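Here is the structure we will look at.
The chains referred to below are lettered A, B, ... by the order of the sequence lines, with proteins before strands, and numbering in each begins at 1. Small disclaimer: the values here were computed from a predicted structure and weren't measured. Computed over heavy atoms, backbone and side chain alike; hydrogens, waters and symmetry mates excluded.
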Amino acid sequence: MGYKIDEYLRQDKLPHIWCPGCGHGTIMGNLIRGIDKAKIDPDKTVVVSGIGCSGRASGYMNFDTLHTTHGRAIAFATGIKLANPELNVIVITGDGDGTAIGGNHLIHGARRNIDLTVVLMNNHIYGMTSGQFSPMTPTGDNATTAPYGNIDQNFDLADLTKASGASFIARGTAYNTRQLIEIFAEGLLHTGFSFIEAISQCPVNYGRRNGLSSAVDMLKCQRDSSVNIRKWDSLSKEEKKGKFPTGVLYKEDKREYTEMYQEIIDSVQEEAK
Amino acid sequence: MSKKGKVKITHPERCKGCEICVMYCPTDILVVKKGQITITDIDNCVGCYNCELSCPDFVLEVVENNER
Ligand code: SF4
Ligand code: SF4
Ligand code: SF4
C-alpha cells in the first residue's frame, strides 16, 4: 500500500472547495492511486474536465490539465488524443456534464472507441447549481426542479456505453475505495474507450432533499445497494431490486480510433511517395 | 512499536469533520472533536489504511513512524 498521493496534488489549491463529506474528493484521491498503481507516466498524462462539481478535479490534480466548457470534455480530449496519441488522456465528468449536456459526446466517444479513460462521478444531481435533477436522479427522488418527485427514468450508463461501442466498462462507489483503485488502474491500462462510473455522494444538494443528509449514511447506502459483478448473476430478479453491479462489467479487444487514423496517414503518405 | 504503519494526521488544516474516516476505522480510535479529527489511542491503530483511502480531504496518512 502506501500511495504518495501528495505529489500528485497541487498543494497550493488545497483544501479543496468540495463540501464536507462529498464523495468527489475520495474518488479523485483513488483515481490518483489508480494512476500510481498503473504506473503510467505522469508527464504523459493529461486530465480534462468539464463543468460542475466534478469539473473542479482538474484544478487539484498535478498533471497537465484542461478545464473545459460544459459537457465538452470528451470533445476536447478527443482533439488532444488525436494530436498526441502517445498521451494518456483522462476525462473527469459528472452525471449532469457527461450524460445531459455532454451526452452526445459520451456516446460518440464510445462509438469511436478512442483511447480515453472517462471517469464519470455520478452524484445523481446538479450539485454546483444547488440541486436540479439530472438524467441520473432516481425516479421519485426530490430536486429543486422536481419538488414533488422526479418522473424521469435514468440511463443505465453501462448499457448505454456498451451499446455505443465502449470497449471497457466499469462501475465503482466512493464507499469501496480498494475496488475503485483496481478498476481505475485497469481502465487506464486498457487501450480503447474506457468508461468508469464512480457513484459519489452529494450530502448537501441531493442527500439533504432525500432523507440522507449525512455523508456516512449515504456511504452505507452505497455499501448496501452495490453488489460485486462476480455475485450479481447469481441473484434472483427480486434480490437485484434496488441494487446495482460493481466491478469491471465489460471488456473487449477492439480496434482503437487513433491507431486506425495513423494507418490511414501512413498509407496515404506511402502512396504519395 | 510494531512494524506495521500507524495513522498520522498529516494535514489537520484540511479536515472538514465529516466523520467518514470514523465510520471506517475498525478499532474506533478516530473521533471528531469540535469539527476536527483526533486520535484517541494510537496504540490500537492496526495500520489498515481504511481512513487514508476514504478521507475525501487527504488529511490522514498511514506512516511507518508516528511518534504521537
Ligand atoms: S454540492 Fe454536492 S457534489 Fe458539489 S461539492 Fe457539495 S456535496 Fe459535493
Ligand atoms: S489505519 Fe485503520 S486502524 Fe488505524 S486509524 Fe486508520 S482506519 Fe483506524
Ligand atoms: S474523513 Fe477526513 S475530513 Fe472527514 S473527519 Fe476524517 S480526517 Fe476529517
Is [X] salt-bridged to [Y], cutoff N-O under 4.0 Å?
X        : Y        : value
B:Arg14  : B:Asp57  : no
A:Asp141 : A:Arg208 : no
A:Arg171 : A:Glu197 : yes
A:Glu186 : A:Lys251 : yes

Hits for ring-ring contact (aromatic ring centres under 6.0 Å, His included) against A:Phe155, two or more places apart or cross-chain, chain-then-number order -> none

Is there a side-chain contact between A:Ile199 and A:His124 in this structure, where contact means two heavy atoms from C-beta onward sitting under 4.5 Å apart? yes

So, the side chain of [X] versus the backbone of [Y]: is there a donor-acceptor pair under 3.5 Å, distance only?
X        : Y        : result
A:Thr99  : A:Gly96  : no
A:Asn210 : A:Asn142 : yes
A:Arg230 : A:Gly247 : no
A:Asn176 : A:Gln179 : yes
A:Tyr3   : A:Ile32  : no

Whatever's closer than 4.5 Å to a heavy atom in chain B on A:Leu180 counts as neither

Which heavy atom of A:Ala143 sits nearest a heavy atom of A:Ile125, and at what distance? CB-CD1, 3.9 Å

Considering all heavy atoms, the nearest B:Cys25-B:Leu30 contact: CB-CD1, 4.1 Å

Which residues in [range] have a heavy atom less than 4.5 Å from any heavy atom of chain B?
range                       : answer
residues 212-223 of chain A : A:Ala215, A:Val216, A:Leu219, A:Lys220
residues 41-54 of chain A   : none
residues 16-31 of chain A   : A:His16, A:Ile17, A:Trp18, A:Cys19, A:Pro20, A:Gly21, A:Cys22, A:Gly25, A:Thr26, A:Met28, A:Gly29, A:Asn30

Could you give the distance from CG (A:Asn88) to CD1 (A:Ile35), rounded to the nearest 0.5 Å? 8.5 Å

Under 4.5 Å heavy-atom distance to chain A, tell me which part of B:Glu52 shows up: side chain, backbone, both or neither. both

Among B:Glu19, B:Met23, B:Glu13, residue most engaged with chain A (heavy-atom pairs, under 4.5 Å): B:Met23

